[in-house]
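Chain naming here is simple, since letters A, B, ... match the order of the sequence lines and numbering starts at 1 in each. Keep in mind that this is a model prediction, so the values were computed, not measured.
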Number of protein chains: 2
Amino acid sequence: MTTIYDVSKLAGVSAKTVSRVLNEPDRVKTATREQVLAAMKTLDYSPNASARQLRLGGFSSIGLLLEDPASGYQSRFHQALLTACMEAGKYMTVELFEGVMPDWQARVDRFLTEGRVRDLILLPTLCDFTPLKDLLRERGARAVLIAPSVHDPHFPSVVMDDRAAARQIIEYLFSLGHTRIGHITGHPDHSATILRRSGVIEAYDARGLPRPKPELFASGDFMFKKGIEAAETLLSLPEPPTAIFAANDETAAAVAMVAHRRGLSIPGDLSVVGFDDAPIASAVWPQLTTIAQPYFEMARKVVHLVDTWDQQSTQSGFVSTYLTPHELVVRESSGPVLKG
Amino acid sequence: MTTIYDVSKLAGVSAKTVSRVLNEPDRVKTATREQVLAAMKTLDYSPNASARQLRLGGFSSIGLLLEDPASGYQSRFHQALLTACMEAGKYMTVELFEGVMPDWQARVDRFLTEGRVRDLILLPTLCDFTPLKDLLRERGARAVLIAPSVHDPHFPSVVMDDRAAARQIIEYLFSLGHTRIGHITGHPDHSATILRRSGVIEAYDARGLPRPKPELFASGDFMFKKGIEAAETLLSLPEPPTAIFAANDETAAAVAMVAHRRGLSIPGDLSVVGFDDAPIASAVWPQLTTIAQPYFEMARKVVHLVDTWDQQSTQSGFVSTYLTPHELVVRESSGPVLKG
DNA sequence: ATAACAAATGTCATCGATGTCATAATGCGG
DNA sequence: CCGCATTATGACATCGATGACATTTGTTAT
């Protein structure tokens with residue numbers, strides 16, 4: 001690595017002058033500047049960011065741990081967080097993280113030290129991975145949780161009301177005349193899975209209807225492939241549902257594919273509703289009715305929480321959960337039950 | 001910010017001891033360690049990454065500039081690059097970048113200094129944005145280009161053969177009996193647009209067929225929405241094509257949607273082929289025949305190029321372009337022309 | 001030509017951590 | 001209880017950059 005001293009030596013000036021060329025070029029005589037620039041080029045010099053930041057009072061980037069960057073949910077949040085960081089003038093460093101990796105603890109350590117990260121953002125399901133959170137607390141790292149399953153007294157979090165949203169969807173389907181509604185659940189490790197499922201049941205209860213039979217619940221994992229299986233199961237029932245609420249949009253897209261293969265028209269023969277308003281929701285035919293999560297607002301809130309962590313934590317260990325509103329987006333994939 | 005000195009003062013030990021507690025806990029007496037740990041907790045201490053790295057010989061993360069993280073292409077590469085970085089033990093810091101921003105130069109500067117980035121990765125279309133590349137050279141930053149339109153003598157690059165791939169697709173469609181093939185082009189600023197288009201023409205020429213009429217080329221921009229318009233245009237022709245080659249998968253998905261709305265069956269009435277093998281290609285019905293780009297190999301090569309930059313550049317300013325192979329993935333959306 | 005002031009450059013200390021080496025505290029055998 | 005090996009801790013220099021302040025060089029007015 002070449003340093004500012006190497007350059008200064010070659011250019012025959014002091015290190016400070018080289019520094020000036022870099023930071024306040026106008027304060028250096030043109031001839032000198034040229035010389036310095038030439039020396040920098042010759043040596044392929046690039047300033048050491050660590051030293052610079054140490055001196056200037058470092059800026060650490062926000063760390064994001066991603067389990068599966070291909071998932072619509074995570075990539076959507078990733079994008080929203082990037083935008084929020086940009087608005088806030090911060091940077092985000094991303095790390096792939098899979099809890100199953102045997103050396104995950106070492107990797108987190110490395111991320112915190114070498115990755116120059118102090119603040120972390122945890123998405124589901126990492127936000128519920130207690131060993132990780134314990135390690136972070138031990139290391140004095142800060143974290144903000146997105147959609148954790150339960151309030152964590154140590155880390156602030158930002159959530160949406162999955163249960164209420166699911167209930168709203170079912171009530172919407174009720175209003176279209178559907179009574180036999182299938183539900184494909186999410187990944188069992190994900191708290192939203194339970195919440196969305198119980199929102200479904202809550203809707204039945206609230207309306208005084210008998211709870212749906214167990215066979216109307218098929219288990220998924222938020223992924224397209226498993227969604228195919230689940231849809232096959234539901235549509236093969238002796239009395240198939242007239243509507244299916246899939247736990248997320250990728251699963252809903254899978255339902256749509258299976259329905260098409262079976263010659264069912266959507267929403268004529270089957271209404272399909274998703275959750276998340278992922279990009280795919282508007283890129284499949286028919287476009288999916290879904291719940292739009294307030295990604296951008298949540299991301300902004302998260303970045304803000306990171307920013308104000310100091311004030312937060314000084315309030316004697318009390319951290320808060322912030323609830324953000326969602327929205328039902330009605331598109332083409334849902335419609336009234338056809339009589340007869 | 002609390003420093004190691006604050007902790008050492010509170011714990012009544014030297015700074016070095018605090019450092020040891022952090023880095024080699026076994027070399028500190030248990031009682032002392034406890035005290036230090038307690039002090040760290042009280043002061044909510046977290047070590048300054050810049051200082052640590054300055055001392056240890058810094059690690060800079062690789063910077064990725066994204067124009068549109070929502071696009072299938074960019075997010076796919078993003079994911080592949082993350083994986084490659086993980087394999088190589090590096091970190092990636094991501095920045096949203098839009099050339100249209102009036103202060104883009106200042107933002108790049110900030111990214112290089114505050115973002116602790118020395119090496120950058122540029123995806124299309126940024127890899128063809130000359131003012132940016134000039135600025136980077138001026139700043140002594142390093143960059144590796146992915147799929148630039150032309151070889152850049154200053155930066156190494158990794159590319160695939162868009163022209164050959166497009167030609168391969170058309171020849172495949174020829175083999176199914178298609179002769180009236182529509183093409184929806186990509187974004188006009190993207191070099192791949194020209195290459196893929198010329199691959200189409202090349203296929204006709206190679207077969208000795210007359211080139212397709214101009215109306216069979218509809219202009220798109222790689223995005224779903226524009227794809228809808230383009231598909232409408234093509235399918236409204238007096239003599240609509242029997243197959244459409246869309247410049248990417250999102251556009252192809254749009255074609256499929258329009259076809260379905262018009263009651264056309266795929267591939268019975270219309271074959272649809274995409275490009276990229278984006279996630280959406282296998283999440284729509286029918287699943288799309290497409291060109292699989294070697295994302296992961298390209299990403300690995302890119303990270304490797306970043307790693308070996310020194311050896312590269314010492315070879316007196318000569319940088320190389322690496323060509324990686326692609327693959328035609330035949331799925332459900334393409335089939336033979338129905339006779340009669 | 002010279003004082004007076006501005007511009008250009010240099011010197012030294014500093015940011016917060018850790019490596020090196022020195023010193024203090026402990027343990028152990030006799 | 002001594003002497004020596006070992007362990008635990010501390011003092012100081014250092015990483016590469018920049019801020020504060022000092023010094024040199026150049027310019028202008030008289």
task = Kindly state each residue pair satisfying ring-ring contact (aromatic ring centres under 6.0 Å, His included) with at least one member in residues 110-131 of chain A, sequence neighbours excluded.
result = A:Trp104-A:Phe129, A:Phe111-B:Tyr91

inquiry  = Taking the axis from the first five pairs and the axis from the last five, what angle separates them in the helix from C:dA1-D:dT30 to C:dG30-D:dC1, rounded to 10 degrees?
reply    = 30°

ask   = Taking side chain as C-beta onward, heavy atoms only, is B:Ile146 less than 4.5 Å from B:Val302?
value = yes

Residue list, side-chain contact (heavy atoms from CB on, under 4.5 Å) with A:Thr321, at least two apart or on another chain = A:His151, A:Ser157, A:Val159

ask   = Does any pair with a residue in residues 83-97 of chain B pass salt bridge (Lys or Arg N to Asp or Glu O under 4.0 Å), and if so which ones, sequence neighbours excluded?
value = B:Glu87-B:Arg300, B:Lys90-B:Asp307, B:Glu95-B:Arg107

query = Can you list every salt bridge (Lys or Arg N to Asp or Glu O under 4.0 Å) pair that touches residues 150-160 of chain A, not counting sequence neighbours?
reply = A:Lys133-A:Asp152

ask   = How would you list all residue pairs meeting side chain to side chain donor-acceptor pair (under 3.5 Å) that involve residues 63-75 of chain A, not counting sequence neighbours?
value = A:Glu67-A:Thr125

ask   = What is the distance from CZ of B:Arg33 to C1' of D:dT7, rounded to the nearest Å?
value = 13 Å

Distances under 3.5 Å between protein N/O atoms and the N/O atoms of nucleotides 26-28 of chain C, please, pair by pair.
none

OP1 or OP2 of D:dG10 under 4.0 Å from side-chain N/O of B:Thr17 = yes

request  = With sequence neighbours excluded, tell me which residues meet side-chain contact (heavy atoms from CB on, under 4.5 Å) with B:Asp6.
outcome  = B:Thr2, B:Thr3, B:Leu43

ask   = Does any pair with a residue in residues 26-45 of chain B pass ring-ring contact (aromatic ring centres under 6.0 Å, His included), and if so which ones, sequence neighbours excluded?
value = none

inquiry  = What does the B/S/- profile of nucleotides 15-22 of chain C look like, 5' to 3', with a 4.0 Å heavy-atom cutoff to protein?
reply    = BBBBBB--

ask   = Can you list every pair that meets side chain to side chain donor-acceptor pair (under 3.5 Å) and has a residue in residues 30-39 of chain A, with sequence neighbours left out?
value = none

message = Please confirm whether the shortest side-chain N or O distance from B:Thr32 to OP1 or OP2 of D:dA8 is below 4.0 Å.
response = no

remark   = Whole-Å distance, A:Arg27 CZ to D:dG19 C1', equals 13 Å

remark   = B:Lys16 meets the side-chain contact (heavy atoms from CB on, under 4.5 Å) criterion, sequence neighbours left out, with B:Ser14, B:Ser19, B:Arg20

